[in-house]
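See below for the structure under consideration.
Here the structure is a predicted model, which means the values were calculated and not measured. Side chains are part of it too, since the values below use all heavy atoms of this structure and drop only hydrogens, waters and symmetry mates.
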Amino acid sequence: MRYELVLFDNDGVLVDSEPISNRLLAGYLTELGHPTSYEDSLRDYMGAALHRVHDLVRERTGRRLPEDFDDVFHRRVFAAFARELEPVPGVDDVLEKLAADQMPYCVASSGSHQRIRVGHARTGLDRWFDDGRIFSSEDVGRGKPAPDLFLHAARRMGVPPERCVVVEDSPLGVQAAVAAGMDVYGFTAMTPPARLAGATGLFADMAELPGLLA
């Protein structure tokens, strides 16, 4: 393979969580007096850490979200995950091939460590990701679109950025990968290709990914 490390985003790439979490985020913000549609949530917050929600709401309205916003939102998300969450179709096959080829991989997600682990346990992906392969925006000062998370993950995995490739489905994630000096393949199952401009390449089905990485 051309690369020495594959860095996966989590939400929307490994676990099919974006429809669930953005539906709940839009509903909760609307409930708090910040009218937000599902489409608004996808546009503004997909791929971002929760601090972006706080920052944008304060910037736009001058009001702060409640102190318990993150806790309440996570409770709602985790309850929905327990009922609904599934792995992204085909991603098990991709991970199985990487493992068989002894190709190093990890997850680098804007989500919290708890969110990553809850999602992986629900979907069975935890068998592919031990603690040494899990990196969260909680580990760095700035989340995506800053490159910090991807650079941190690569450093911990012992691979220089130019030998890494990122798999992302959000514009913020693509921007972060480019800023980190890494190739990035944009997954377009939920994201219009035009919003992933700057990606090294695009794909719409996980079955296509191994061929892109070869």
Side chain proximity check, [X] to [Y], heavy atoms < 4.5 angstrom:
X	Y	value
H74	V118	no
R133	W128	no
M206	F187	yes
V15	L125	yes
L29	V53	yes
V91	V13	no

Taking side-chain hydrogen bond (donor to acceptor under 3.5 Å, both in side chains) as the test, write out the residues that go with D131, two or more places apart.
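Applying side-chain hydrogen bond (donor to acceptor under 3.5 Å, both in side chains) to D131 gives R117.
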T123 side chain vs E86 backbone, donor-acceptor pair below 3.5 Å:
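Side chain of T123 to backbone of E86: no pair is present.
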With a 4.0 Å cut-off, would you call D55 and R52 a salt bridge?
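So D55 does not pair with R52 through a salt bridge.
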Are D92 and R127 within salt-bridge range, i.e. N to O under 4.0 Å?
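Looking at R127 together with D92, the answer is yes, because their closest N to O distance falls below 4.0 Å.
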For E18, which residues count as a side-chain contact (heavy atoms from CB on, under 4.5 Å) partner, sequence neighbours excluded?
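By the side-chain contact (heavy atoms from CB on, under 4.5 Å) rule, E18 matches D11, S21, N22, M46, D169, M190.
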Those residues that, when tested against D139, pass side-chain contact (heavy atoms from CB on, under 4.5 Å) (two or more places apart)
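Partners of D139 under the side-chain contact (heavy atoms from CB on, under 4.5 Å) test: H113, F135, S136, H152.
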Might you confirm whether atom CZ of R58 has over 12 heavy atoms from other residues, nucleotides or ligands at distances under 6.0 Å?
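At most 12 heavy atoms, drawn from other residues, nucleotides or ligands, come within 6.0 Å of this atom.
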